[in-house]
Amino acid sequence: MATLVLEDGTTFRGRLFGANVSVSGEVVFQTGMVGYPEALTDPSYHCQLLTLTYPLVGNYGVPKDEEGKFGLSRVRKLSENPSHWSSVKSLDQWLKEQGVPGIQGIDTRCLTKKIREKGTMLGKLVVDGTPEESIPFDDPDKRNLVQEVSLKEPKVFNPSGSLRITVVDCGIKYNQIRCLAERGAKVTVVPWDHPLDNYDGLFISNGPGDPQLCQATINNVRKVVCVDHPKPIFGICLGHQLLSLVIGAKTYKMKYGNRGHNQPCIHKGTDRCFITSQNHGFAVDPKTLPRDWDVLFTNANDHTSEGIVHNTQPLFSVQFHPEHMAGPTDLVSLFDVFIDTVKEQKGGNTTKSVFRPRKVLILGSGGLSIGQAGEFDYSGSQAIKALKEENIQTVLINPNIATVQTSKGLADKVYFLPITAEYVTQVIKNERPDGVLLTFGGQTALNCGVELTKQGILEKYKVKVLGTPVASIEMTEDRKIFVEKMEEINEHVAPSEAALSVEQAVAAAERLGYPVLVRSAFALGGLGSGFANNKEELTSLVTSAFAHTSQVLVDKSLKGWKEIEYEVVRDAYDNCVTVCNMENIDPLGIHTGESIVVAPSQTLNDREYYMLRNTAIKVIRHLGIVGECNIQYALNPESEQYYIIEVNARLSRSSALASKATGYPLAYIAAKLGLGIPLPQLKNSVTNSTTANFEPSLDYCVVKVPRWDLSKFLRVSTKIGSSMKSVGEVMAIGRSFEEAFQKALRMVDENCVAYLILPLSAVQELQTPTDKRIFVLAAAFRAGYTVDQLYELTKIDRWFLHKMKNIADHEKLMEKYNQVRFITDKVLRKAKQLGFSDKQIALCIMVTELVVRKLRHDWSILPVVKQIDTVAAEWPAHTNYLYLTYHGTENDLSFEEPHVMVIGSGVYRIGSSVEFDWCAVGCITELRKRGFKTIMVNYNPETVSTDYDMCDRLYFDEISFEMVMDIYERENPEGVILSMGGQLPNNIAMSLHRQQCRILGTSPEFIDSAENRFKFSRMLDTIGISQPQWKELSDTEVKHLNFLEIFCETVGYPALVRPSYVLSGAAMNVAYSDRDLEKYLSNAVAVSKEHPVVISKFIQEAKEIDVDAVACDGSVIAIAVSEHVENAGVHSGDATLVTPPQDLNQKTIERIKIIVHAIGQELQVTGPFNLQLIAKDDQLKVIECNVRVSRSFPFVSKTLGVDLVALATQAIMGEEVETVGLMRGKGIVGVKVPQFSFSRLAGADVVLGVEMTSTGEVACFGENRYEAYLKAMLSTGFKIPKKNILLSIGSYKSELLPTVQALESLGYDLYASLGTVTAVDWPFEEDDDSDCPTKEKQRSIMNYLEENHFDLVINLSMRNSGGRRLSSFVTKGYRTRRMAIDYSVPLIIDIKCTKLFVQDICPKIERDTMTHLRQIF
């Protein structure tokens, strides 16, 4: 152990590494995230104690041939197992060899803030056992450090060079010599006090200390500068200060200096901003420059002088390091093109005339689907906000009614219409915008914009594309053009060929050699992609891909390479920065949306980091992108070889992640840049004082983990690969990788206690990744696999594997303490720093979570609150963007003012998506409007609620009992609102309540009465409200199923199995037999371990009704009623909803109101609640109540014109609320339609049941339900059939006969299966139990679908099939549905929807949908 002692008496205890010696010097900090070997060999750090603000250091070890003089280091956390092909030793070994001590495990952010606030100060690192007084404080400013580091005799490099350059060595970095020699110079390096003569040019190097102590250098330089015709002189860093002193200017010591790799410097004359590396503690006062001299560069943050130039003579110097080996080299051209640069500046760089729009059209992304989710709600909302600040009118087209961006008060006008060329053209005709943003709505908006350009619509109506031009978009989307553009700048794309047919693709694969990767052009989320090892696999893949696109890309496989991403920002004036770099933990071959991603990259060294950064900037400039984009690389793990995979010329999933990971609002900045505003003029919204033209410094680690919901689908493959299947993602923040990683695993699934051990059945599970891959790795460590073995099987970098092993090893250690009295505070503290939750620790030592919590408090093992400030504490932060960590000693802020805490919805999953984020944002907005300070807790990077300017304090952290209580105990808020975040906050209501947490709104006791199926059913019986017959499953009945079987036989099958406290019908199933019942009960008990499971009679062919309501102290204030189009049995999230209801009579409505009032009163609801009822034979029965917001809250609020969330928030806060009663709407009908993503889930059966499978929703409006339904269907990507329709309607023949006759009268050619009508060109028989058809017949139907013979398939499953029927064999109905999806043929699978659709497509209705554009706000 060792102690860092500061001159003001502050001490920091930590673990010693490197040399076992005590030292003293000046304490400074450096904010670079890579380049620690370069920093530690920099002579400018001589006699300084260097604090590295990035908390993970030593990841890539130390390469060979590191020579030079060494600084001293202090880091947050040292990597003991470096991983890099160029590494020859660890940082610890290297420092020991060089005699340099280091200290780790201290709160470096706390230390950095102290230096920032008080200035650099003296310090000493005292090793335990050394008397502190024996190590005096050493002030380097009193010593001539240059004299100490400068060489003693002249030395010549590149003696054959044609130009004679003399270099004054004040502590030179070797790369300066290299830069001069590479440009053909004979470089003579002389000591600091050497006479200067006989040269063509003079170079003055960097160095340590106070420049005024170098009088010998100043005098020598003065002799060659103060002459009539001086020879060219170039100074860097200390050389810049010395040249300034020579000409009579003054220097001064800065408060804490500029040291890092991301200092923005503005070039005077062009106003171009460059990112630079710096390391200096002194600066030049520009006000003291003589008349003939001018400022060359100015720091965009602190406005200090960064360079000077003589007005007529070839004399100049810069404060930064253009050649720095750790950091960007954007201005390395100063070594060879300075004269040309000066001429260009003298000629005057006139500012471009910029088009300023009056009204801007923004294209949204439509319904949430796999590959295109809530991140576009966030980016679109940011764009609208940016435009409104510039007083530009905004018009939004987006049919996704659940989004924040479609809320009243954001955009000036919102159109809930399909994002297709036809509808957008109509809006352009109506609105006449003069600008359009295409890059904020994902691939949907991009493709629509390209189509509008091709049709000449934008040109015809004089609508200018803002930001990236369409030509640049097409360069990135068309593979052939992209490859050619990259070749123009000598950059390489993975060997690849574009193909327009199956034959071309096969020929391309033969040329490239198998295996190959097949990808669709103009597609999102890797749709239609996959690896092919032979011709057969390729043909199958390509055939499917052509159903979605006209062009496929055949790439040479680079499986196993690292995948790296950079987010890049560029303005119209060529200012360009990289905001965030990210590394996929999974190697290439797994789609980035499927991979665990870490930011910043952990295993790239400085050279690789800046090599890829510089390439990114070169590529983006060449493509002419304006705004934001993403570039992806494949990097060889054994060398510096890389290929560019692709560029996304739009906001993407990664953009949202990068924004939240760094605190840099990419979408907001991109929208401003699209208006022609220069990047340097925009402010960093976190600091409010520095420029947005900068590259963020992180002093934490971010881990993103995807969320899959594959268990909800029948027959779906669980393998993950190049095509995306995940439905959401989480982002965790920590000061170590292990801390962030374990947090993220728990965020993905609250039932997972983190790095769980799964049984390892075969090595195959490691080689072929599935959605459970990370847990299989944990099992492998438990089974004794080594890091090297796992690397060979998975190609996951050894550095990450070592970190995962740390977790597995500590878990084993804790399991040895099977009683709490034996565990030590040291082991417990280490567990928390490795990211273990209290619940995990409790399982290991066999106690309860609350026992571990008490133990932590007794031992003062508590998390601290840290800020995300984009600048690693270098500048004061004004934004409270926060996270909790166990790696620290002090909080970054104080907890004085009372706040109201709102819990968000967590990860997007099937059943909990953007609609709950809309509710959370609405609640925060209403609270702030009413003067309350707000706290938001959420961890989803795709959401608007995790935008740090939406609330007063954002905690980007877990929504768990442990974390919410930790925040609660620090903040002591007025109360916590749980009812706005969906199911997740409700699940922890009782745990919080038991700890005396102030829960605002409905009491947790009543929440439990609604969530607990047994209590709720008993309550309904008590108050006399009808419900389906039911029975609770007790522990004894789990073992003796005959009791339940008797119940089911008494009421009659089918029966519905319903667990408690679940969302989206998880593990809910319809049992048709005793065998079904046994299987479904075991599933339900597994997801509802601590809560009861109830079995109830499943009522068939009933109508389902949704009721959303708000109450105050049990008195109902507002009621909104929606009816389902489909019969009961289809989950409400998958159902088509109509509001106001069109088929309910007044008597039914009145009875609904009575039931709602009775339940609201009984549960004493304060705030939102939702009821689901079924109606059959003139009877109403209640099936469910949720005391929280529901999925349909945004739909009914926007359609009926009353913001239920605002009302609910007022009621929760005890404000007087006017009673609204039954909401009847504004004379229009809204229809909400589910958005499915079956095309991305290979093999999944397209069936609807009591468990939800849709990933999103859209809603449109009309004069009637037909108009609204058709527009909503078109918004999901549905296409109206032109000619041929395939019918497979089984037992619904008689019921559908009028519908079929209507289709025939409309002129459609109808094809049908046997048993539907007379068979025509259909090889299958109707009987599902018959033998499989012959291969020839199978090929027949496949060919029909491949050839796009059918424009629509109507496939209705067996009558009364209800929920999810499991089948051990593949039915013909399944085959038909799956083929329709795989070949992009529109599919309808519900009888009620079939009838409604056919009523829609009569010619009159079709005309109406195009002429009545429905603008709501």
Side-chain angles (χ1 to χ4, degrees), residues 733 743 747 750 853 862-868 879-885 891-906 912 916-940 943-1004 1007 1166-1168 1187-1189 1205-1206 1208-1215:
I733 308 164
K743 271 191 193 182
M747 290 169 174
E750 63 279 5
R853 184 173 186 84
L862 302 172
V864 292
V865 178
K866 296 291 183 187
Q867 290 175 315
I868 289 177
T879 301
N880 289 314
Y881 182 12
L882 313 168
Y883 67 99
L884 273 68
T885 178
N891 297 307
D892 275 357
L893 71 174
S894 58
F895 310 100
E896 291 157 4
E897 291 183 278
H899 290 69
V900 175
M901 195 163 153
V902 180
I903 310 297
S905 58
S912 176
F916 291 110
D917 195 53
W918 179 83
C919 296
V921 169
C923 178
I924 285 174
T925 306
E926 186 64 23
L927 286 169
R928 295 183 89 182
K929 198 186 290 182
R930 295 182 175 273
F932 293 98
K933 295 271 187 184
T934 56
I935 293 171
M936 166 56 65
V937 183
N938 203 356
Y939 53 75
N940 187 335
T943 58
V944 177
S945 64
T946 52
D947 181 6
Y948 50 80
D949 63 1
M950 291 304 299
C951 54
D952 296 290
R953 287 189 175 175
L954 167 65
Y955 281 90
F956 208 107
D957 230 310
E958 286 179 80
I959 298 172
S960 64
F961 162 70
E962 177 188 337
M963 200 61 76
V964 172
M965 275 306 297
D966 283 339
I967 297 168
Y968 184 89
E969 286 169 355
R970 262 157 195 72
E971 292 282 0
N972 192 24
E974 293 180 42
V976 183
I977 297 178
L978 299 174
S979 54
M980 297 297 172
Q983 191 63 44
L984 194 56
N986 263 15
N987 289 355
I988 58 172
M990 283 303 291
S991 300
L992 295 171
H993 180 59
R994 290 186 195 109
Q995 298 301 309
Q996 280 78 52
C997 216
R998 290 183 293 277
I999 306 297
L1000 300 177
T1002 308
S1003 162
I1007 293 173
T1166 295
V1187 186
R1188 54 169 170 78
V1189 292
V1205 165
T1209 305
Q1210 292 164 29
I1212 288 168
M1213 298 312 295
E1215 309 223 347

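- Contact check for Leu882 versus Leu893: side-chain heavy atoms found under the 4.5 Å cut-off.
- Here the CE-CD distance, from Met1213 to Glu974, works out to 5.5 Å after rounding to the nearest 0.5 Å.
- In this structure, CG on Asn891 lies 11.0 Å from OG1 on Thr885, to the nearest 0.5 angstrom.
- Put simply, the side chain of Tyr968 gets close to the backbone of Arg998: a donor and an acceptor are under 3.5 Å apart.
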Original post:
After noting the C-alpha distance and the side-chain angles of Gln983 and Asn986, does the key distance pass the side chain to side chain contact (heavy atoms under 4.5 Å, CB included) rule?
Top reply: CA-CA 5 Å; Gln983 191 63 44; Asn986 263 15; 4.2 Å; yes
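- A donor atom on one side chain and an acceptor atom on the other are found under 3.5 Å apart for Glu971 and Tyr955.
- Asn940 places a side-chain N or O within donor-acceptor distance of the main-chain N or O of Gly906, the cut-off being under 3.5 Å.
- The two atoms that bring Val1205 and Cys923 nearest to each other are CG1-N, 3.5 Å, heavy atoms only.
- How far CZ of Arg853 is from CG of Leu862: 8.5 Å, rounded to the nearest 0.5 Å.
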Mind running side chain to side chain contact (heavy atoms under 4.5 Å, CB included) on Ser912 and Leu984 for me, showing each step along the way? CA-CA 9 Å; Ser912 176; Leu984 194 56; over 6 Å; no
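- Summarising the geometry of Arg970 relative to Phe895, their closest heavy-atom pair is O-CB, 3.3 Å, with the distance given to 0.1 Å.
- Rounded to the nearest 0.5 angstrom, Ile999 CD1 and Met990 CE are separated by 10.5 Å.
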Before giving the answer on side chain to side chain contact (heavy atoms under 4.5 Å, CB included), spell out for Met980 and Ile903 the whole-Å C-alpha distance, their side-chain angles and the decisive distance to 0.1 Å.
CA-CA 7 Å; Met980 297 297 172; Ile903 310 297; over 6 Å; no
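- Contact detail for Ile733 and Phe956: the closest heavy-atom pair is CD1-CB, 3.8 Å.
- Formation of a donor-acceptor pair under 3.5 Å by the Arg953 side chain with backbone atoms of Met901 is not found in this model.
- Within the 4.5 Å cutoff, side-chain heavy atoms of Ser979 are placed close to those of Ile977.
- Closest approach of Gly904 to Ile959, counting heavy atoms only: O-CD1, 3.3 Å.
- Judged as a ring pair (Phe, Tyr, Trp, His ring centres under 6.0 Å), and not counting sequence neighbours, the contacts of Tyr883 are Tyr700.
- Looking only at side-chain heavy atoms (C-beta outward), Tyr948 and Asn880 stay at 4.5 Å or farther from each other.
- Side-chain atoms of Ser905 and Asp917 include no donor-acceptor pair closer than 3.5 Å.
- A distance-only check finds a donor-acceptor pair linking the side chain of Thr1002 to the backbone of Thr1166 [under 3.5 Å].
- For the atom pair OG1 (Thr934) and CD1 (Ile924), the distance works out to 5.5 Å, reported to the nearest 0.5 Å.
- Screening Leu954, Thr943, Asp952, Thr946 for a side-chain contact (heavy atoms from CB on, under 4.5 Å) with Met936, the sole residue that qualifies is Leu954.
- Atoms CG and CZ, from Leu978 and Arg1188 in turn, are 12.0 Å apart once rounded to the nearest 0.5 Å.
- Minimum interatomic distance between Asp957 and Val937 (heavy atoms only, all atoms of both residues): O-CG1, 4.0 Å.
- Of all heavy-atom pairs between Ala1206 and Glu926, the closest is CB-OE1, 3.5 Å.
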